[in-house]
*Asks:* 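Have a look at this one.
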Amino acid sequence: MKFNFFLKTFIALFFIVLVASCDKDINEIGSGITGNNHYGMDLAYSDVVAYNQNLGPVQTNNLTVNQFGYYNNPVFGKTKASFVTQVALASEAPALYTPTIDSVYLYVPYFSTFVSTDTDSGDSSYTLDSLKGSSKIKLSVYESTKFLETLDPASGFQLQQKYYSNQQPDFDANNGGFKLNNDNKSIDPKNTTPDNSQNDKFVFSNSQIKFYKNKADGTPGTTEVSERKAPGMFLNLDKDFFKTKILQAPSEKLFNNNVFKNYFKGLYFKVENATDSPDQGTLAMMNFTNGVITIVYHDKVSTTDTASPIRKTLQLNLSGNSVNLLNNENTFPGYVTPNPTSGDRNLFLKGGDGSMAVIDLFSKTDNYGYNKITGVKENTPNNVSDELDDLRNPAGGQQKWLINEANLTFFIAKSTMANTIEPNRVFLYDLNNKRPLIDYYSDYTSGSTFKFNKFIHGGILQDQNGKIVNAKIGEKGTTYKVNITNHIRNLIKYGGIGVTKDSTNVRLGLVVTENISNAYNNYLQSPFTSGSGTNMFQTKYIPMMSVANPLGTVLYGSNIPVGDPDYNKRVKLEIYYTKPD
């Protein structure tokens, strides 16, 4: 009897677990699917409306990474990116007695990848990352005499100060009038031939930076390497300026960095095209906060010291407030006035103060709705797409869809983009609420580098087989696919008659991005308004990492007529689903 009781109990529990497991499998099926295998699933397409939006000047102060240099994009035109930064004492209130200056140099490391080290010479080789172009630029470094505020005086110092990409004239008018990188020699002390590589013919070199000292054996005229640094911007700066400005400054000006930043307001790195390279240069992504100025001098160790002065260094860090100044042509071949109603044929995404795309999911037809209490269809518009209404409500006949996967796939206009570098990634976000989608937050995947994190959510450049490609090494892509499965699930989730649905079909924004892990926003100098009637909205924000990216791409939009050779490349929402028995 006991055996039969336990057997029956075990069988009952087994079937309970089995049913629960089956129910879990049905409701979660496809939650991790990101490939192209959709066996046993149905596929539905929904039209979207996608159109362009120019941005105008954008907020560029205190970016985590900055555009710097000169690049002529075959599609989008020329970009000249300059930079202004405050400078800070590495050690406040330095003790200075009777200093005599030896040299001053600036070093800002590039983004680079170590390759190997030569066992004979000890020299290491590197490849440079985040570089566009390979020609010379003209670089001028000035003292900036314009103070970079932290808080906005116009707000009574209550709000953060904003600086914009188009404010270069303000800094041109306050540049101190004296070029600090005026050494016409090579940075390699063994090369004594003037080459202006530190200013008018500046090149982003992948060579290791080497420092020399006299050989330990004392052999006259011989030197050996004393220190090596990874490739970076290395400039000898004017000794007389820094002798007067720093070593001979009144001690109270060097007391702390609050005082010092009002005294020495910063540096202005101005970029222009080189005379012998007027139509092309090089543009890099740089993190100037890793930069330092080193002042080498000799001085006593105290006021009573009678010994010979010793060698000392004083370091200034490129830290504090900064501004990225962008001078862009922003040409858009074939660009027409955006059509928010029917969408545009091509979408022009350009970083910096360029352009973005605005996307409305589902058709805009709105002839009816469903009563929230009874679920009965009512022939009265309700400001919700009829297509979405049908998916949400029982009378629509499709309310039992289980969403396995939902994607927006954007095809690149290959003929337009054939001769230019494509961005590695695009970013789709909730434009109404200026935040990422739920699929962004629920994706914890990590890529080979931080730029490829959240690869299930996607937006990464890929080829026709869905393989991720690397634009940095010249590989070309065909599409960007963004997985928005959870966003669509929330939109069409049916809560039952009388249950109000919380998920709004928000308008989406699409931009290029430099770093998917950074979802912060910057301001537009002039907010833009889009849509009409009850669908009109205004925004004054743009993702920060779109501002930092200098590249652009041209995608097929939504307004491509039937019969057009590119009709199947139009952007549309694809939904893979199953219907439980």
Side-chain angles (χ1 to χ4, degrees), residues 17-50 359-363 365 384-411 426 428 437-445 454-468 477-496 501 503 505-506 508 510 555-556 558 560 562 567-581:
V17 171
L18 178 62
V19 170
S21 300
C22 291
D23 180 69
K24 184 174 187 290
D25 288 342
I26 290 175
N27 284 282
E28 292 186 2
I29 186 169
S31 61
I33 295 176
T34 59
N36 294 319
N37 298 322
H38 302 98
Y39 303 119
M41 304 180 196
D42 292 312
L43 171 62
Y45 291 106
S46 172
D47 287 333
V48 304
V49 175
I359 300 170
D360 289 321
L361 296 179
F362 302 103
S363 70
T365 303
V384 176
S385 163
D386 291 341
E387 187 177 18
L388 183 55
D389 267 332
D390 287 344
L391 289 171
R392 285 175 167 176
N393 291 275
Q398 297 175 355
Q399 78 286 357
K400 292 184 179 180
W401 280 13
L402 298 179
I403 305 302
N404 300 285
E405 184 177 336
N407 304 303
L408 283 173
T409 300
F410 301 91
F411 287 83
V426 297
L428 186 73
L437 301 178
I438 184 175
D439 297 88
Y440 174 98
Y441 291 113
S442 60
D443 187 352
Y444 298 100
T445 54
K454 299 183 181 293
F455 57 80
I456 292 179
H457 182 41
I460 304 171
L461 182 66
Q462 58 186 33
D463 63 16
Q464 65 270 19
N465 299 316
K467 175 188 173 184
I468 292 176
T478 59
T479 57
Y480 300 92
K481 184 170 77 171
V482 185
N483 184 306
I484 55 171
T485 305
N486 292 316
H487 179 68
I488 298 301
R489 282 174 178 164
N490 284 350
L491 280 181
I492 70 173
K493 186 181 295 181
Y494 176 62
K501 300 167 187 65
S503 294
N505 185 23
V506 296
L508 305 180
L510 184 71
L555 310 174
Y556 287 105
S558 58
I560 302 177
V562 177
Y567 177 72
N568 289 330
K569 295 179 181 178
R570 75 194 189 283
V571 59
K572 50 190 176 295
L573 174 63
E574 55 183 20
I575 302 175
Y576 292 91
Y577 65 96
T578 54
K579 291 182 179 180
D581 295 332

*Asks:* If the condition is side chain to side chain contact (heavy atoms under 4.5 Å, CB included), which residues does N407 pass it with, not counting sequence neighbours?
*Replies:* E405, T409, K481, N483, E574, Y576
*Asks:* Any non-hydrogen side-chain atom of Y45 less than 4.5 Å from a side-chain atom of L573?
*Replies:* no
*Asks:* Can you list everything that forms a side chain to side chain contact (heavy atoms under 4.5 Å, CB included) with S442? Sequence neighbours excluded, please.
*Replies:* N486
*Asks:* I need the minimum non-hydrogen distance between Y556 and I560, along with the two atoms involved.
*Replies:* CD2-CD1, 3.9 Å
*Asks:* Where the side chain of R392 meets the backbone of L491, is there a donor-acceptor pair that is under 3.5 Å apart?
*Replies:* yes
*Asks:* Is the shortest heavy-atom distance from the side chain of L361 to the side chain of L388 under 4.5 Å?
*Replies:* no
*Asks:* Within the distance-only criterion (no hydrogens, no angle test), does the side chain of T365 pair as donor or acceptor with the backbone N or O of D386 below 3.5 angstrom?
*Replies:* no
*Asks:* Please examine the side chains of F410 and V482, heavy atoms only from C-beta on, and report whether any two atoms are closer than 4.5 Å.
*Replies:* yes
*Asks:* Nearest 0.5 Å, what's the CD1-CG distance between I484 and N490?
*Replies:* 11.5 Å
*Asks:* With a 4.5 Å heavy-atom cut-off, do E387 and D47 have their side chains touching?
*Replies:* no
*Asks:* If I compare all heavy atoms of D443 with all of F455, which pair ends up nearest, and what's the gap?
*Replies:* OD2-N, 3.6 Å
*Asks:* To the nearest 0.5 Å, what is the distance between CG (N465) and OG1 (T479)?
*Replies:* 10.0 Å
*Asks:* What is the distance from atom CG of D463 to atom CD1 of I468, rounded to the nearest 0.5 Å?
*Replies:* 10.0 Å
*Asks:* Are any of the side-chain heavy atoms of K569 and L555 separated by less than 4.5 Å?
*Replies:* no
*Asks:* So which atom in L408 and which in V48 form the shortest heavy-atom distance, rounded to 0.1 Å?
*Replies:* CD2-CG1, 4.2 Å
*Asks:* Once rounded to the nearest 0.5 Å, what's the spacing between atom NE2 of H487 and atom CD1 of I403?
*Replies:* 12.0 Å
*Asks:* I want to check something: taking the side chain as every heavy atom from C-beta on, are L510 and Y480 in contact at a cut-off of under 4.5 Å?
*Replies:* no
*Asks:* How many angstroms lie between atom CG of D360 and atom CG of N505, to the nearest 0.5 angstrom?
*Replies:* 7.5 Å
*Asks:* For the residue pair A50 and I359, what are the closest heavy atoms and their distance?
*Replies:* CB-CG1, 4.0 Å
*Asks:* Do you know which two heavy atoms are closest between L428 and H457, and how far apart they sit?
*Replies:* O-NE2, 4.2 Å
